[in-house]
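In what follows, a single structure is set out as structure tokens and then discussed.
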Amino acid sequence: VIREATKEDLKTVRELWTALYEEAPEPEHERKNWNEIADDVRRGIAEHVALIAEEDGAAVGFLLARPRSARVGYVSDLYVRPDHRRRGVARALLLEGLSRLDLEVVTLDVDAANSDARAFYARLGFREQSLRLAIDSEQLA
Amino acid sequence: VIRVATLDDLDTIRTLREELHAECPPPEHRRKEWSDVVDDVRAYIGEGGALIADEDGDQVGFTLSWPEGERVGYLGLLYVRPAYRRRGIGRALVRASAARLDRDFLTLSVDVHDQSALAFYGRLGFREEAIDLVLESSRLAAAGEHAPSFGSVHVQTDDVTAVANAVRQFRPRMPGRSKGSVVSPPRNGWVAVYDELCDREPTLLARLARELSDRMGAVTLALALEHRQVVHYLLYERGRMVDEYVSMPEYHGPLPPGDVVALGANPTVVARLTGADPKEIRAIARTASPAAELPPPGELLAALARAMRIEGAEHGYAHAAGLQGATAV
């Protein structure tokens, strides 16, 4: 079941977000802790798109998305717990999230090394557009 | 000479930015008019984040960069006029920006198809971190589970050992895990490479072909049948892509007319590099949308390979294991 998150779900979202972060850490220079994003999540629940996927009463996945402009939306987080994958949960979360955003264009980003995620989004019709590159500044000196 | 821009350079930056966007158009949903960005550019100039490259009194390149938090600097735009490239000006602009920003990391975004920019930043030591994906919502309704893809890379050489070594060196640098690669014995002067991950990820097949061409200084061809519908090849010479063909250029969505033309085959280039008859290539490598005007994609792929005298292009990694005399990497 996909349902909208409410402010009572903040703890649930935190648990899922932490699991996502542990499984797929951001690059070192983009790492954040929960306190830095908690306000964004609260705002997301109140104003934007925040969904929770439940199976047998347990929260097994979540999605956060928000508009970036009048035409473009951005999916900032999408996660399904490993033991609930390959059943279409992520797909259902994403389709519900996109229909709630209701914008012409949707963007998101994935770790370049995460070929499972890249294949998942490609199957849904996403195109790979730009690569984000990074370097330690010392290497340029 | 690299120098910090002043407000007097605003027109120069406007001109160079327009040249940059004429050469590398930004994606449509990110396109902005000068009037939308001029205040930002003024602010970057004020912060010392706009740099100009001068040569003999002419402004030949520029860059805009800004901090993103305490530890990260972002290189927003970088451009050097074509006539002044390959002299280290771009590199000097990147270095000067990094030095002025004085952050631990420097990041930037590059179009996934911009091979020359990817090669440039790769040489400087940048690593790939994240990929931005985009979906036009109108395409979602049509999107479903795609049929699988497969492809192969063909290297114009008889030196199987060199190909296998190059594949071995490249594999750890591919994002994601490949279940295996197979290198064929030479056939008609070509050695074929099949890779499990590249079958699933057509963009990686192209990268493998570019890398093998670059490392071996050889002609390479990536030839794929994508989603059992689209025939796609990329031809590389000494690491540079010299021709690309997509049988249904608009399979992935509508393109501007110029891009559709660019995705047609160039029979002269193919003939020069593979010895194929240019007339035959012209007759086979047609583009169409919808596909009804083309032969079935499998036949199209086979006919193309035959015209280029390439064997073993009709299958991917899954059917390469039993190949006689093949080397598993």
Side-chain angles (χ1 to χ4, degrees), chain A residues 24-32 36 65 68-75 78 88 91 94-141, chain B residues 27-30 68-69 71-73 75 91 94-95 97-99 101-114 117-118 121-122 124-146 174-178 197 200-204 252-253:
Chain A
E26 294 281 335
E28 190 201 332
H29 56 83
E30 283 180 13
R31 232 157 271 178
K32 292 189 179 106
E36 293 173 83
R68 264 194 173 160
S69 72
R71 295 182 52 220
V72 183
Y74 175 66
V75 178
L78 171 58
R91 190 186 169 85
L94 190 62
L95 294 180
E96 181 63 26
L98 299 187
S99 90
R100 286 181 189 231
L101 272 175
D102 193 22
L103 294 168
E104 275 173 62
V105 178
V106 181
T107 66
L108 53 85
D109 49 79
V110 297
D111 183 345
N114 190 345
S115 56
D116 285 346
R118 289 169 64 175
F120 166 75
Y121 291 114
R123 280 198 299 277
L124 283 163
F126 279 82
R127 280 185 297 116
E128 301 197 337
Q129 190 164 62
S130 52
L131 268 166
R132 251 171 314 138
L133 310 179
I135 193 168
D136 298 4
S137 301
E138 285 179 358
Q139 274 178 266
L140 284 170
Chain B
E28 201 243 333
H29 69 269
R30 284 200 209 143
E68 281 196 336
R71 304 190 60 200
V72 184
L75 195 66
R91 178 182 289 255
V94 173
R95 282 198 172 140
S97 300
L101 284 162
D102 193 23
R103 294 295 193 274
D104 294 342
F105 302 94
L106 185 63
T107 66
L108 55 90
S109 289
V110 176
D111 185 302
V112 291
H113 299 294
D114 191 345
L118 285 169
Y121 292 112
L124 284 173
F126 280 82
R127 57 186 179 269
E128 294 177 7
E129 266 189 3
I131 301 192
D132 294 315
L133 305 175
V134 61
L135 174 75
E136 284 80 22
S137 302
S138 56
R139 290 205 56 230
L140 186 66
E145 299 284 322
H146 285 304
M174 285 203 288
R177 276 180 301 277
S178 168
L197 180 60
R200 286 185 278 141
E201 299 270 358
T203 54
L204 284 181
H252 292 291

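In what follows, every heavy atom counts, from backbone to side chain, and hydrogens, waters and symmetry copies are set aside.
Of the residues considered (A:Leu131, A:Asp109, A:Asp111), A:Leu131 shows the highest number of contacts with chain B, using heavy-atom pairs under 4.5 Å. Counting heavy-atom pairs under 4.5 Å between each of B:Leu133, B:Val112, B:Thr203 and chain A puts B:Leu133 at the top.
In terms of modelled atom types and a separation under 3.5 Å, the side chain of B:Arg95 and the main chain of A:Leu140 share a donor-acceptor contact. The main-chain N or O of A:Gln139 is never found under 3.5 Å from a side-chain atom of A:Asp136 such that the two would form a donor-acceptor pair.
The part of B:Ala98 that comes within reach of chain A is its side chain, from C-beta onward, which places non-hydrogen atoms under 4.5 angstrom from that chain. For chain A, the nearby part of B:Leu118 is the side chain; its heavy atoms alone come within less than 4.5 Å. Contact annotation for B:Leu197: only side-chain heavy atoms (C-beta onward) come within less than 4.5 Å of a heavy atom of chain A. B:Val110 touches chain A through backbone and side chain together, each having a heavy atom under 4.5 Å away. Contact of A:Leu101 with chain B is not made at all, since no heavy-atom distance falls under 4.5 Å.
Using a 4.0 Å cut-off between a side-chain N of Lys or Arg and a carboxylate O of Asp or Glu, A:Arg132 and B:Glu129 do not qualify as a salt bridge.
Between the CZ atom in A:Phe126 and the CG atom in B:Leu135 there is a gap of 4.5 Å [rounded to 0.5 Å].
Every side chain to side chain donor-acceptor pair (under 3.5 Å) that A:Ser130 has, sequence neighbours left out, goes to B:Asp132.
Among residue pairs with one or both ends in residues 101-113 of chain B, those qualifying as side-chain hydrogen bond (donor to acceptor under 3.5 Å, both in side chains) are B:Arg71-B:Asp104, B:Tyr74-B:Ser109; sequence neighbours excluded.
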